[in-house]
Asker: 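A single structure is presented below for examination.
Reckoned from all heavy atoms, side chains included, excluding hydrogens, waters and symmetry mates. Just so it is clear: chains get the letters A, B, ... in the order the sequence lines come, proteins before strands, and each one is counted from 1.
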Amino acid sequence: MNSGTRSRIPSFIREAVEEDLRTGRFNYVRTRLPPEPNGYLHIGHCKAFLIDYFTAQEFGGELYLRFDDTNPTKEETEFVEAIKEDAAWLGIRWVKETYASDYFDLLYEWAVKLVKMGLAYVDDQSQAELSASRGTLPKGTKWKETEPNIRPGVESPWRNRSVEENLDLLERMKNGEFPEGSRVLRAKIDMNHPNLLMRDPVMYRIMHVPHHRTGTKWHIYPTYDWSHGQNDAMEGITHSLCSEEYRIHRPLYEWFIEKLGVFPSRQIEFSRLNLTYAMMSKRKLRKLVEKGIVRGWDDPRLTTLRGLRRRGVPPEAIIEFVTNLGETKNDSWVDMAQFEAVIRDVLNKTALRRMAVLRPLKLVIDNYPDDLVEEMDALNNPEDPTAGTRKVPFSKVLYIEQDDFREVPSPKYYRLYPGNEVRLRYAYLVKCTHAVKDENGNVVEVHATYDPATRGGDAPDGRKVKATLHWVSAAHALPVEVRLYEQLFTVERPDDTEDLDSIINPNSLQVLYPSYAEASLSEAKVGDRFQFERVGYFCLDPDSTDGKLVFNRTVTLKDSWAKVEKSLQT
RNA sequence: UGGGGCGUGGUGCAAUGGCAGCACACCAGACUUUGGAUCUGUGGAUCUUGGUUCGAAUCCAGGCGCCCCAGCCA
């Protein structure tokens with residue numbers, strides 16, 4: 001890959017940072033990851049994480065991990081730990097772990113300062129009143145000529161209270177003297193501002209809710225707008241990188257910096273990652289888990305980091321995928337196939353090869369000695385000479401893939417069929433003689449003869465065969481469970497649908513048992529990734545026991561025969 | 001539309017006034033002890049209309065389309 005020569009951060013961000021360093025706006029670089037601990041990390045978060053991480057890294061700067069825990073009704077310590085674990089697994093390193101709640105005291109002081117400057121006030125309006133007085137946007141996408149598309153805001157009757165009264169009220173809000181929803185602290189900006197966010201945004205709301213870190217100390221909690229930017233300033237964050245949806249918050253971000261006269265962090269936006277067939281909404285993800293549609297947050301069909309990890313996706317593939325996308329401000333939808341291509345690419349270079357027969361069919365080599373067992377030499381990874389070789393036992397009775405035999409071959413089928421000779425990988429050339437069927441006419445056993453002169457797979461007379469099959473010796477085979485995954489959803493953009501049941505792919509999980517794997521796999525450890533030759537990439541699942549190994553299919557190999565076969569059918 | 005953001009092959013990006021290129025996908029072929037991998041090749045794009053310029057994806061003006069904002073969520 002080209003990570004050595006290409007920058008991993010988007011050019012427009014790098015240019016902005018370079019400019020800031022050149023002009024002296026900053027003489028160092030510090031970025032931050034600002035996850036809210038209210039759910040598990042998914043592939044969509046990786047983009048922001050990696051941009052923050054690599055931006056700091058490229059400029060010799062630092063990365064802070066700051067949990068945005070300003071809403072105690074949604075946040076839990078459990079998620080803090082999970083996020084740290086997942087981010088570390090991805091390969092992200094931070095120099096400092098902080099919390100928005102670390103700054104509640106200082107932040108309150110800053111709020112008092114704004115009140116004293118006459119730039120913030122306590123508003124006694126109800127939530128409904130406040131919402132109504134903010135003005136409106138056109139309903140829906142259609143705008144009626146007869147209506148103004150936007151109504152100006154209306155100033156609150158409490159907007160011009162005295163500083164003393166505001167200070168007193170704010171203090172008492174903090175002390176928990178008022179019920180939830182009865183009052184808020186608002187910045188005094190401009191109720192007719194074209195940007196709705198500037199129409200006296202809420203800074204503090206009353207919540208009599210214990211916080212996962214500050215306990216019952218606080219009865220007011222800051223909003224995102226009144227916390228995030230201030231935390232950036234307090235931590236000396238130079239570049240606050242975030243997704244496009246925060247673009248409209250920037251004027252407010254800058255307003256606070258200006259009025260407070262604090263460290264001038266620069267917010268830069270980029271577009272978020274949209275991946276087809278991936279569910280990114282935390283709310284809907286939770287629903288999938290709670291309804292039991294998936295087995296948990298780490299279900300391999302989910303694009304949560306935990307799910308991807310369990311599925312067998314290496315972190316390097318995620319990094320490669322995300323950084324190769326490049327970055328713009330465009331709304332974009334990345335094809336899942338592109339992600340899978342990167343996964344294959346990484347796994348092809350790193351995964352050890354093994355043989356496993358998913359849907360077994362017995363193959364008997366009639367002219368092979370009954371009790372003979374030969375140890376065949378097999379390459380661990382043809383792409384990596386340093387991966388070495390292993391021994392694979394071969395005997396008279398084998399399993400091959402059901403798909404690898406046809407009693408009546410279709411055109412272009414050149415695997416096993418009566419009269420045809422194929423290669424058993426790393427073993428012998430074998431020629432099919434006949435098939436044995438049960439009373440229903442199903443093939444239950446295939447017979448063949450081998451050519452003893454072809455040990456290893458090459459014929460001394462130079463004759464060629466078109467197919468090479470993977471196989472497992474029946475007497476040595478390990479019965480294993482194999483879980484095959486397809487897209488969880490039947491639609492490309494599952495987040496657009498509210499009725500989840502209507503878009504679930506009923507075939508998203510297929511469990512195969514017994515499949516037969518070569519004996520060497522008994523030494524595999526949970527999380528180990530393999531390529532089952534000619535089939536796909538697999539990862540050993542934590543559900544595995546000593547008696548039964550469980551493998552998850554990460555991705556298939558490209559199957560050009562499937563394509564040919566499909567085109568023959570149509 | 002009040003404000004903001006964005007428009008380049010099917011998808012994601014590049015080209016920063018000078019031959020529109022790359023990756024994924026697709027199609028065709030070569031090679032092959034994985035019908036894998038690898039390699040080669042074909043097709044296909046600058047939202048639109050005008051303007052500036054020797055020359056425009058790029059600069060200017062208008063139009064069109066998509067996305068975001070009316071949480072005391074982040």
Asker: Would you mind telling me which of rA37(B), rG3(B), rC72(B) lies closest to the side-chain atoms of R134(A)?
Answerer: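 Of the candidates, rC72(B) comes closest.
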Asker: Sticking with atom C1', work out how far rA14(B) lies from rG29(B), rounded to a whole angstrom.
Answerer: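 Taking atom C1' in both rA14(B) and rG29(B), they lie 29 Å apart.
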Asker: rG3(B) and rG63(B): how far apart are their P atoms, nearest whole angstrom?
Answerer: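 So the two P atoms sit 13 Å from each other.
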Asker: Output the single nucleotide from rC72(B), rA25(B), rG35(B) whose closest atom is nearest the side chain of Y414(A).
Answerer: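 Looking only at heavy atoms from C-beta outward on Y414(A), the closest nucleotide is rG35(B).
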Asker: Mind calculating the distance between CD1 (I343(A)) and P (rA37(B)) to the nearest angstrom?
Answerer: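 So the CD1-P distance, I343(A) to rA37(B), works out to 15 Å.
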Asker: Determine the sole option in I51(A), L241(A), T31(A) for which the side-chain contact (heavy atoms from CB on, under 4.5 Å) test with I268(A) is passed.
Answerer: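 Passing option: L241(A).
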Asker: With sequence neighbours left out, what residues match D124(A) under salt bridge (Lys or Arg N to Asp or Glu O under 4.0 Å)?
Answerer: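 Once residues adjacent in sequence are excluded, the partners of D124(A) under the salt bridge (Lys or Arg N to Asp or Glu O under 4.0 Å) criterion are R161(A), R183(A).
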Asker: Might you list the N or O atoms of the protein lying below 3.5 Å from N or O atoms in nucleotides 11-17 of chain B, with each pair's distance?
Answerer:
{"residue": "rU11(B)", "atom": "O3'", "partner": "W333(A)", "partner atom": "O", "Å": "3.1"}
{"residue": "rU11(B)", "atom": "O2'", "partner": "W333(A)", "partner atom": "O", "Å": "2.7"}
{"residue": "rG12(B)", "atom": "OP1", "partner": "W333(A)", "partner atom": "N", "Å": "3.1"}
{"residue": "rG12(B)", "atom": "O2'", "partner": "L325(A)", "partner atom": "O", "Å": "3.3"}
{"residue": "rC13(B)", "atom": "OP1", "partner": "T328(A)", "partner atom": "OG1", "Å": "3.0"}
{"residue": "rU16(B)", "atom": "O4", "partner": "E15(A)", "partner atom": "OE2", "Å": "2.9"}

Asker: On RNA chain B, compare the nucleotides closest to R183(A) and L469(A); which residue's is nearer the 5' end?
Answerer: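 Its nearest nucleotide being more 5', the pick is L469(A).
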Asker: Counting only side-chain nitrogens and oxygens, does K563(A) get under 4.0 Å of the OP1 or OP2 atom of rC27(B)?
Answerer: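 Yes, such a contact exists.
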Asker: Looking only at side-chain atoms of P194(A), point me to the closest of rG71(B), rG2(B), rC73(B).
Answerer: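 Between rG71(B), rG2(B), rC73(B), the one nearest the side chain of P194(A) would be rG2(B).
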Asker: Quote, to the nearest angstrom, the C1' distance that separates rG7(B) from rU46(B).
Answerer: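 Looking at atom C1' only, rG7(B) and rU46(B) are 10 Å apart.
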Asker: Do S520(A) and R354(A) have side-chain N/O donor and acceptor atoms under 3.5 Å apart?
Answerer: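 Yes, because at least one side-chain N or O of S520(A) sits under 3.5 Å from a partner of the opposite role on R354(A).
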Asker: Who passes ring-ring contact (aromatic ring centres under 6.0 Å, His included) against Y64(A), sequence neighbours left out?
Answerer: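 None.
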Asker: Considering only atom C1', compute the distance from rA23(B) to rA15(B) and round it to an integer number of Å.
Answerer: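 Pairwise C1' distance, rA23(B) against rA15(B), rounds to 15 Å.
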Asker: Looking at residues at least two apart in the chain, or sitting in another chain, which of them share a salt bridge (Lys or Arg N to Asp or Glu O under 4.0 Å) with E401(A)?
Answerer: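 E401(A) satisfies salt bridge (Lys or Arg N to Asp or Glu O under 4.0 Å) with no other residue.
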Asker: Find the distance M207(A):CE to rA74(B):P and express it as a whole number of Å.
Answerer: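 One finds 8 Å between P of rA74(B) and CE of M207(A), rounded.
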Asker: Does this structure show an ion pair linking K349(A) with D345(A), if we count only N-O contacts that are shorter than 4.0 Å?
Answerer: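 Salt bridge: yes.
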Asker: Can you tell me if S131(A) touches the phosphate of rG71(B), counting only side-chain N or O atoms and a distance under 4.0 Å to OP1 or OP2?
Answerer: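 It does, given that an N or O in the side chain of S131(A) lies less than 4.0 Å from OP1 or OP2 of rG71(B).
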Asker: Among I318(A), V322(A), T276(A), whose side-chain contact (heavy atoms from CB on, under 4.5 Å) with F339(A) holds?
Answerer: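 It is I318(A), the one option of I318(A), V322(A), T276(A) that forms the side-chain contact (heavy atoms from CB on, under 4.5 Å) with F339(A).
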Asker: Check side chain to side chain contact (heavy atoms under 4.5 Å, CB included) between R247(A) and all other residues, then give those that pass, not counting sequence neighbours.
Answerer: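 By the side chain to side chain contact (heavy atoms under 4.5 Å, CB included) rule, R247(A) matches E244(A), R250(A), E269(A).
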Asker: Using a heavy-atom cut-off of under 4.0 Å over every strand shown, decide if D458(A) touches base, sugar-phosphate, or nothing.
Answerer: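 Result for D458(A) = base.
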Asker: Do the side-chain N or O atoms of S227(A) get closer than 4.0 angstrom to the phosphate oxygens (OP1, OP2) of rA74(B)?
Answerer: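 No.
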Asker: Provide the distance between the two P atoms, one in rA45(B) and one in rU8(B), to the nearest whole Å.
Answerer: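 That atom pair is separated by 14 Å.
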Asker: Would you please name every residue forming a ring-ring contact (aromatic ring centres under 6.0 Å, His included) with H211(A), sequence neighbours left out?
Answerer: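 For H211(A), the residues satisfying ring-ring contact (aromatic ring centres under 6.0 Å, His included) (neighbours in sequence not counted) are F104(A), Y221(A).
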Asker: Between R534(A) and rG35(B), is there a side-chain N or O to OP1/OP2 distance below 4.0 Å?
Answerer: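 Yes, such a contact exists.
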Asker: Could you pull out all residues at least two apart from Y253(A) that satisfy ring-ring contact (aromatic ring centres under 6.0 Å, His included)?
Answerer: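 Y253(A): no ring-ring contact (aromatic ring centres under 6.0 Å, His included) contacts found.
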Asker: Please list, by residue number, the residues of residues 381-394 of chain A whose heavy atoms come closer than 4.0 Å to an atom of RNA chain B; answer none if no residue qualifies.
Answerer: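 Close to the strand are P382(A), E383(A).
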Asker: List for me each residue that meets ring-ring contact (aromatic ring centres under 6.0 Å, His included) alongside Y450(A), sequence neighbours excluded, and say none if there are none.
Answerer: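 Partners of Y450(A) under the ring-ring contact (aromatic ring centres under 6.0 Å, His included) test: Y368(A), Y428(A).
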Asker: Relative to the 5' end of RNA chain B, which residue comes earlier, N195(A) or V564(A), by the nucleotide with the nearest heavy atom?
Answerer: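 Result: N195(A).
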Asker: Calculate the interatomic distance between L196(A) atom CG and rC73(B) atom P; express it in whole Å.
Answerer: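 Computing the L196(A):CG to rC73(B):P distance gives 16 Å.
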Asker: Specify the separation, in whole Å, of atom NE2 of H249(A) and atom C1' of rC73(B).
Answerer: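 Distance, rounded to whole Å: 10 Å.
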Asker: How should the glycosidic conformation of rG65(B) be described, syn or anti, under the criterion that syn lies within 90° of 0?
Answerer: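 The base of rG65(B) is oriented anti (glycosidic angle more than 90° from 0).
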Asker: Which of the following nucleotides, rA25(B), rU34(B), rU38(B), is nearest to the side chain of T468(A)?
Answerer: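 The answer is rU34(B), which lies nearest to the side chain.
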Asker: Between rU32(B) and rU38(B), how far apart are the C1' atoms? Round to whole Å, please.
Answerer: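 It comes out at 9 Å once rounded to the nearest Å.
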Asker: For RNA chain B, what dot-bracket results from Watson-Crick or G-U pairs at under 3.5 Å, with [ ] for crossers and | for inter-strand partners?
Answerer: .((((((..((((....[..))))..((((.......)))).....(((((..]....))))))))))).....
Asker: Under 4.0 Å, counting only non-hydrogen atoms across every strand here, what does S126(A) touch: a base, just sugar-phosphate, or nothing?
Answerer: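 Since a base atom lies under 4.0 Å of S126(A), the category is base.
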Asker: Given salt bridge (charged side-chain N to carboxylate O under 4.0 Å, His left out), test D200(A) with K188(A) step by step and report yes or no.
Answerer: CA-CA 5 Å; D200(A) 290 10; K188(A) 190 192 283 189; over 6 Å; no
Asker: Classify I248(A) by what it touches in the nucleic acid, base, sugar-phosphate, or nothing, heavy-atom distance under 4.0 Å.
Answerer: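 Base contact.
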Asker: When the C1' atoms of rU49(B) and rG65(B) are considered, how many whole Å apart are they?
Answerer: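 It comes out at 15 Å once rounded to the nearest Å.
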Asker: rG71(B) P sits how many Å from Y224(A) OH, rounded?
Answerer: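 The distance from OH of Y224(A) to P of rG71(B) comes to 17 Å, rounded to the nearest Å.
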Asker: How about Y224(A) and Y246(A): are their ring centres within less than 6.0 Å of each other?
Answerer: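 For Y224(A) and Y246(A), the ring centres are under 6.0 Å apart.
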Asker: Starting at atom CZ of F339(A), determine the distance to atom C1' of rA23(B), rounded to an integer number of angstrom.
Answerer: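 Value for this atom pair: 16 Å.
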Asker: Go through the structure and list residues passing side chain to side chain contact (heavy atoms under 4.5 Å, CB included) with D495(A), not counting sequence neighbours.
Answerer: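 Once residues adjacent in sequence are excluded, the partners of D495(A) under the side chain to side chain contact (heavy atoms under 4.5 Å, CB included) criterion are M279(A), M280(A), S281(A), K284(A).
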Asker: Rounded to whole angstrom, note down the P distance from rA20(B) over to rG5(B).
Answerer: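 Looking at atom P only, rA20(B) and rG5(B) are 31 Å apart.
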Asker: For a quick check under 3.5 Å, do R32(A) and S240(A) share a side-chain donor-acceptor pair by atom type?
Answerer: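 Checked: R32(A)/S240(A) side chains pair up, N/O donor to acceptor below 3.5 Å.
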Asker: Can you pull every protein N or O that's under 3.5 Å from an N or O on nucleotides 41-43 of chain B?
Answerer:
none

Asker: What is the ring orientation for Y40(A) with F79(A), classed by angle as parallel under 30°, tilted 30 to 60°, or perpendicular over 60°?
Answerer: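 Answer is perpendicular, since the angle exceeds 60°.
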Asker: For F12(A) and rU58(B), give me the distance from atom CZ to atom P, rounded to whole Å.
Answerer: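 Atom CZ in F12(A) sits about 21 Å away from atom P in rU58(B).
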Asker: Mind calculating the distance between CD (E245(A)) and P (rA70(B)) to the nearest angstrom?
Answerer: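 Atom-to-atom, E245(A) to rA70(B), this comes out as 11 Å.
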Asker: Given the side-chain rings of F538(A) and F530(A), with only the six-membered ring counted for Trp, is the space between their centroids under 6.0 Å?
Answerer: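 No - the distance between ring centres of F538(A) and F530(A) does not fall below the 6.0 Å cut-off.
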